[in-house]
2 protein chains.
Amino acid sequence: MVANTTVEEVLAELEQADTLESIQDAILKLREYFQVENMVYHWVDSAGEQYGYGTYPLEWATRYQEQNYIRIDPVIAGCYKRFHPVDWKKLDWSSKAVRAFQAEALEYGIGNQGYSIPIRGPNGQFALFTVNHTCDDADWEKFTEDNRRELILIAHYFNQKALEFEPNRAPEQSQSLSPREIDAMTLLAIGYSRAQVAETLSISEHTLRVYIESARFKLGASNTTHAVARALSRGLIVV
Amino acid sequence: MVANTTVEEVLAELEQADTLESIQDAILKLREYFQVENMVYHWVDSAGEQYGYGTYPLEWATRYQEQNYIRIDPVIAGCYKRFHPVDWKKLDWSSKAVRAFQAEALEYGIGNQGYSIPIRGPNGQFALFTVNHTCDDADWEKFTEDNRRELILIAHYFNQKALEFEPNRAPEQSQSLSPREIDAMTLLAIGYSRAQVAETLSISEHTLRVYIESARFKLGASNTTHAVARALSRGLIVV
DNA sequence: TATTAACTCCCCAGAAATAGCGAGGTCGAA
DNA sequence: TTCGACCTCGCTATTTCTGGGGAGTTAATA
């Protein structure tokens with residue numbers, strides 16, 4: 001079956017779309033266009049919920065979820081650290097658990113070649129757009145060479161659409177931290193104790209506590225560690 | 001003067017480049033191609049250092065830096081919250097300080113129209129790619145409509161190149177955490193207390209403590225908060 | 001001008017985390 | 001087989017953090 005839709009058209013459609021299903025729709029069309037076995041847009045929101053749209057076999061998606069494979073999946077780990085698109089071959093498959101995971105994926109019908117594009121949005125949002133196929137290395141290299149730019153764009157458009165539907169946008173997203181709160185969170189994140197932070201900032205420990213508490217409140221965090229983790233993953237502080 | 005270079009060619013060149021100056025080079029070529037007054041790639045690294053490449057008048061860049069305008073610049077504020085490219089007209093220019101800033105920018109020779117694309121990398125890295133021009137609203141809308149996709153791609157390529165030059169890349173690949181340690185760190189990062197983590201993992205709190213301590217040791221962290229922060233920013237855990 | 005938000009300081013009691021010691025089991029690799 | 005790395009459980013004492021209060025100052029904004 002030969003594709004009868006161009007990328008341009010799909011992106012234009014996607015831009016107008018107003019349901020989450022449209023993402024799935026677009027993926028199917030694009031898969032046909034690029035003639036690959038699998039194409040997936042995968043997104044973990046700020047609450048830790050996973051959303052996947054694409055063509056992986058349902059059994060594999062379920063298995064992946066159940067086994068919490070996101071923890072060991074080298075695609076996730078690798079893309080999280082990088083900015084540019086990643087060929088699966090370049091990832092670290094050395095650990096035994098990872099190889100077992102890989103073998104299982106193949107059994108479930110996942111292709112041996114993969115190319116994943118990390119995308120990041122505001123507040124530490126992170127998503128992945130992946131194409132997957134079965135072929136030899138040379139063919140795959142040609143494919144990724146030829147289509148990288150379009151795939152990057154597609155990833156961008158998917159993420160844009162997904163963000164439009166993000167549930168928890170309005171409530172706490174705009175809660176930014178005050179300068180002192182940022183100072184406090186940053187110093188805590190690099191290992192200072194309360195006493196050290198207070199001394200570094202030349203304020204009393206009592207005052208510091210007020211900042212930590214208000215930061216905790218703003219971030220909806222249940223304790224200091226949680227607050228620092230959220231501040232980090234929302235990109236409010238950097239260490 | 002008519003452009004004699006295509007975007008494709010510039011991106012290919014940029015990809016091969018191995019100096020930071022190549023960014024400036026590429027910007028000049030692209031400005032010519034798109035026939036706009038200004039084009040800027042602006043980046044704040046993890047240490048808070050600002051890097052700007054582009055065609056803004058030196059006086060304005062200096063002034064901007066000196067006055068710490070990054071604090072009030074609505075382009076920064078607006079793009080930081082958004083994922084998609086932003087037309088400057090859509091930003092919030094209501095505050096008095098902001099309008100004064102805008103007026104000053106115009107005096108320094110900045111065009112009245114602008115279009116900025118936010119880009120984010122690992123560890124909260126954030127950059128902006130901006131095109132700026134003087135023209136009326138209708139022309140500008142047509143320009144951004146026509147070129148948005150290419151501009152997004154260009155932004156992506158600039159950031160990719162810039163990240164290659166980022167200093168703090170390879171400090172230490174550091175020890176990896178054991179599965180249980182990852183569990184513990186992850187649950188702590190999402191706000192569980194020790195007792196809750198122990199219960200969730202169905203182990204005693206004493207055992208949990210051993211994991212936390214060994215993770216702390218492996219990560220060279222001085223307390224739990226520090227350990228979680230390090231695990232997060234090294235991509236060992238994802239929340 | 002009135003309001004809001006940020007910054008600073010203070011007390012206390014109870015809850016939680018840390019530091020130091022210990023023990024024993026499994027499993028894979030050298 | 002031995003070694004290391006991982007998982008599991010225990011104790012005690014000390015330090016640190018958290019969750020309630022309250023109060024006064026600036027600076028900016030509506």
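Per chain, numbering begins at 1; letters A, B, ... match sequence-line order.
With respect to the salt-bridge test (charged N to carboxylate O, under 4.0 angstrom), the residues A:R63 and A:E104 qualify. Salt bridge present: B:D183 and B:R180 bring a charged side-chain N and a carboxylate O closer than 4.0 Å. We find that A:E205 and A:R209 are not joined by a salt bridge, their nearest charged nitrogen and carboxylate oxygen being 4.0 Å or further apart.
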Under the side-chain hydrogen bond (donor to acceptor under 3.5 Å, both in side chains) rule, what do B:D92 and B:S94 come out as? Steps first, then yes or no, please.
CA-CA 6 Å; B:D92 177 18; B:S94 62; 2.6 Å; yes
Produce the list of close N/O pairs, under 3.5 Å, pairing protein atoms with atoms of nucleotides 9-11 of chain C; give distances to one decimal.
unit_1, atom_1, unit_2, atom_2, d
C:dC9, OP2, A:S204, N, 2.7
C:dC9, OP2, A:T207, OG1, 2.9
C:dC11, N4, A:R209, NH2, 3.2

Restricting both atoms to N or O, compile the protein contacts to nucleotides 1-3 of chain C shorter than 3.5 Å, with distance only.
none

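Nucleotides of DNA chain D lying under 4.0 Å from heavy atoms of chain B occupy a range whose first and last members, 5' to 3', are D:dC6 to D:dT12.
Put simply, OH on A:Y211 is 11 Å from P on C:dA6, counting in whole angstrom units.
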Output one letter per nucleotide in nucleotides 24-30 of chain C: B when a protein non-hydrogen atom lies under 4.0 Å from the base, S when only the sugar-phosphate is that close, - when neither is.
----SS-
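In this structure, A:S222 reaches the sugar-phosphate backbone alone: every heavy-atom distance under 4.0 Å involves primed, P, OP1 or OP2 atoms, never a base. As judged by a 4.0 angstrom heavy-atom cut-off over every strand, B:S214 is placed among residues making no nucleic acid contact.
Annotation: proximity of residues 190-201 of chain B to DNA chain D (heavy atom, distance under 4.0 Å) is found for no residue.
Using a distance-only test at 3.5 Å, with no hydrogens or angles considered, no donor-acceptor pair links the side chain of A:Q196 to the main chain of A:Y192. Remark: side-chain polar atoms of B:H133 are paired, donor with acceptor, to backbone N or O of B:E37 under 3.5 angstrom. No donor-acceptor pair closer than 3.5 Å links the side chain of A:E59 to the backbone N or O of A:Y108. Using a distance-only test at 3.5 Å, with no hydrogens or angles considered, no donor-acceptor pair links the side chain of B:N223 to the main chain of A:S193.
Checked against side-chain contact (heavy atoms from CB on, under 4.5 Å), A:D136 has the following partners two or more places apart in sequence or in another chain: A:A138, A:D139. Under the rule for a salt bridge (charged side-chain N to carboxylate O under 4.0 Å, His left out), A:R194 has no partner lying at least two apart in sequence or in another chain. In this view, A:R216 satisfies the salt bridge (charged side-chain N to carboxylate O under 4.0 Å, His left out) rule with no residue, not counting sequence neighbours. Scanning for side-chain hydrogen bond (donor to acceptor under 3.5 Å, both in side chains) contacts around A:T144 gives an empty result, with sequence neighbours left out. Residues forming a side-chain hydrogen bond (donor to acceptor under 3.5 Å, both in side chains) with A:S233 (at least two apart in sequence, or on another chain): none. Evaluation of the side-chain hydrogen bond (donor to acceptor under 3.5 Å, both in side chains) rule for A:E15 yields B:R148 as partners, not counting sequence neighbours.
Residue A:S178 places at least one side-chain N or O closer than 4.0 Å to OP1 or OP2 of C:dC7. Side-chain nitrogen and oxygen atoms of A:K218 include none within less than 4.0 Å of the OP1 or OP2 phosphate oxygen of C:dA5.
Each of B:S94 and A:T224 lies near DNA chain D, and the nucleotide nearest A:T224 is the one positioned closer to the 5' end.
Of the options B:T134, B:N132, B:D137, B:D87, a side chain to side chain donor-acceptor pair (under 3.5 Å) to B:Q113 is made by B:D137 and by none of the others.
Residues B:F129 and B:Y41 place their aromatic rings such that the two centres sit no closer than 6.0 Å.
In the helix from C:dT1-D:dA30 to C:dA30-D:dT1, the rotation axis of the first five pairs and that of the last five pairs differ in direction by 70°, rounded to 10 degrees.
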